[in-house]
Amino acid sequence: MRASQFHIATTKETPADAEIISHQLMLRAGLIRRLASGLYSWMPLGLRVVRKVEHIVREEMNRAGALECLLPAVQPAELWQESGRWEKYGPELLRLHDRHDREFCVGPTHEEVITDIARKELRSYKQLPINLYQIQTKFRDEIRPRFGVMRSREFIMKDAYSFHIDGASLSQTFDDMHTAYCAVFDRIGLDYRPVDADSGSIGGAKSTEFHVLANSGEDGLATSTVSDYAANVEKAAVVCTTTRADATAEQTVIDTPGVHTIDELCKATGANASQCAKTLLVNGVGMNTQEDGSAVDGPKVVALVIRGDHELNDIKAEKHPLVQSPLTFADAKSIRDVANCDAGSIGPIGLSIPVIADQDAANMSDFVVGANENNKHITGVNWARDLPDPEVADLRNAIEGDPSPDGQGNLTIVRGVEVGHIFELGTTYSEALKASVPDESGKNQTLHMGCYGIGITRVVAAAIEQNHDNNGIQWTRSIAPFEVVIVPINAAKSDAVKAASEKLYQELQEQGFDVLLDDRPLRPGVMFADMELIGIPHRVVVSDKLLPDNKLEYRNRRAEESEVIDYADVVARINT
RNA sequence: CGGGGUAUGGCGCAGUCUGGUAGCGCAUCUGGUUUGGGACCAGAGGGUCGUAGGUUCGAAUCCUGCUGCCCCGACCA
């Protein structure tokens with residue numbers, strides 16, 4: 001490709017509304033353009049990267065025996081009603097009506113459609129297992145799209161769905177997909193981690209997320225310092241190492257005017273956060289709120305007690321049978337009803353509702369709590385003596401230094417971007433949509449199902465998060481929009497440079513390289529800056545300075561310095 | 001949806017407090033000089049100041065409503 005024939009649209013200045021580096025660089029390099037909130041156009045340069053990622057994914061999926069298909073983006077409501085997700089999915093599902101006023105949605109995922117195909121197409125256990133995938137645009141009406149293409153509403157996803165006669169076959173494919181995903185991310189050149197994950201709203205038994213390590217990542221990952229244990233902090237179990245000490249202090253009510261947070265409480269009392277307990281009132285399972293806000297069945301609120309230096313883990317909390325899922329905090333009025341005070345002064349003493357304490361909170365002694373009276377707290381509190389022993393559960397996020405749940409080493413917390421997720425769904429959807437097949441004995445068996453996603457467009461952003469410097473993007477060769485760029489110096493004045501550049505351009509193309517010839521009539525500095533911003537991995541400079549000796553200048557995007565090489569060695573140099 | 005911010009040529013911003021009819025840098029176009037790290041000179045084009053209303057002789061500026069966008073929380077590939 002000739003740069004003069006291609007749309008290169010770089011900017012020097014960083015757009016004001018781009019927060020993270022990948023978003024800034026994608027805009028500056030002209031990979032994407034924003035259309036509306038969460039909606040981005042892929043410019044020719046950016047699309048080349050998307051296509052390369054797709055190509056790698058496609059190859060590895062095919063290698064793993066998956067079959068590519070393409071399902072409709074728009075799906076009929078009936079299918080979603082059948083699976084129960086028409087109600088369950090909520091406002092993230094973009095719903096629309098056709099001219100006959102029939103209801104549809106824009107697919108955020110395709111379990112329903114694929115299961116419908118499975119139930120119609122699959123006639124015998126002999127056709128199993130089968131793994132179908134597609135690469136397609138999805139739409140999720142995210143509450144808050146952000147970070148450009150990293151969390152957009154419309155995005156490209158590779159989604160695969162497998163069907164099996166039993167769980168063992170499903171596990172086999174699940175493992176195969178795990179292997180295929182590693183192959184994909186290895187080829188792209190990402191520093192990633194497969195981690196144990198909560199299966200979330202999609203449901204099912206087992207799931208593994210693939211995270212690209214990056215500080216801007218929205219997820220916390222807990223990894224062991226010695227073993228290969230890795231889990232999303234949402235999922236990482238906390239191994240309790242504390243024990244309860246004997247009570248030594250007297251229970252004392254103190255004045256704490258204006259104190260609402262643990263921080264303020266520490267300042268006011270001189271206590272450490274680890275000596276304070278925070279009491280969080282959340283809605284319990286009996287809490288049903290009507291349209292007009294009135295409660296039926298009586299308000300049911302549950303108190304969760306966490307040590308002041310710990311964080312509540314929503315996912316763990318909502319798994320508790322008494323806690324409403326999804327987890328929501330009690331409103332101001334219910335707090336007053338239950339605790340006689342406002343949030344910030346709540347404590348577990350004297351509450352007439354269930355009190356569930358995190359393991360470490362339950363092991364505290366001589367601790368500080370809210371007094372259930374505004375502007376007052378109580379110090380020297382002890383379980384069993386001052387209030388009943390609570391029900392104990394694992395409620396908090398794992399933190400740096402916690403022992404690894406597998407018993408080997410401690411946990412380190414790193415940030416990650418979720419680029420892939422594989423699930424053993426089991427029979428959830430096949431049961432709902434009645435997808436079954438006769439087994440060897442002729443008896444109908446409900447299909448076991450797995451699903452496997454990769455956020456193609458998110459991979460592009462994540463790759464940039466991990467590969468950039470002050471001058472711009474540093475693509476790995478496998479997904480770079482172009483592998484090599486030829487930069488002629490002063491071609492307008494030098495026929496020799498011009499001819500040599502053209503010749504090299506031809507030769508590299510014949511060698512099968514994805515090559516860009518920067519034939520724009522620009523000064524060298526501008527071309528260098530552009531090509532570094534765009535992130536082309538290899539740069540070859542053709543100049544009058546070196547041409548008489550039949551030499552060229554080569555520079556790797558990641559190298560500090562350029563080097564002079566023989567014309568004959570270009571291909572070899574690029575390939576090393 | 002709740003909280004905070006913001007809206008002025010394609011991009012980044014100033015001007016708003018203290019009303020007087022819009023400016024800077026980058027980018028673009030023309031001509032010239034340049035040509036190994038985002039050149040220089042000369043000239044040019046481009047803005048109903050988000051939108052609707054109000055106050056006023058006069059509104060980018062003051063008031064009110066609406067909308068877009070960004071950031072913080074719940075969601076997820």
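To find a chain, count down the sequence lines: A is the first, B the second, and so on, and within it residues start at 1. Note that the coordinates shown come from a computational prediction; the quantities given were computed from them, not determined experimentally.
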Checking [X] now: which residues fulfil side chain to side chain donor-acceptor pair (under 3.5 Å) with it, not counting sequence neighbours?
X	value
A:R33	none
A:D569	none
A:Y192	A:D186
A:W475	none

Salt bridge (charged side-chain N to carboxylate O under 4.0 Å, His left out) partners of A:R539, counting only residues at least two apart: A:E532, A:E553
Strand contacts (RNA chain B) in residues 36-58 of chain A, 4.0 angstrom heavy-atom criterion: A:S37
Stretch residues 454-465 of chain A: residues that reach within less than 4.0 Å of RNA chain B through a heavy atom: A:G455, A:R458
Where A:R95 and A:Y89 come nearest, the two heavy atoms and their spacing: NH2-C, 4.5 Å
Residue pairs fulfilling salt bridge (Lys or Arg N to Asp or Glu O under 4.0 Å) with at least one residue in residues 187-197 of chain A, sequence neighbours excluded: A:E59-A:R187, A:E60-A:R187, A:D191-A:R193
Under 3.5 Å, N/O pairs linking protein and nucleotides 1-9 of chain B:
none

Solution key, residues 14-22 of chain A side-chain donor-acceptor pairs under 3.5 Å, sequence neighbours excluded:
| from | atom 1 | to | atom 2 | distance (Å) |
| --- | --- | --- | --- | --- |
| A:S22 | OG | A:E465 | OE2 | 2.7 |

Touch class at under 4.0 angstrom, heavy-atom based, for A:R33 against every strand present: nothing
So which protein nitrogen or oxygen atoms get under 3.5 Å of nucleotides 22-30 of chain B's nitrogens or oxygens?
| from | atom 1 | to | atom 2 | distance (Å) |
| --- | --- | --- | --- | --- |
| B:G25 | N2 | A:E13 | OE1 | 2.8 |

Anything under 3.5 Å between a donor and an acceptor, one on a side chain of residues 486-493 of chain A, the other on a protein residue two or more places apart or in another chain? List them.
none

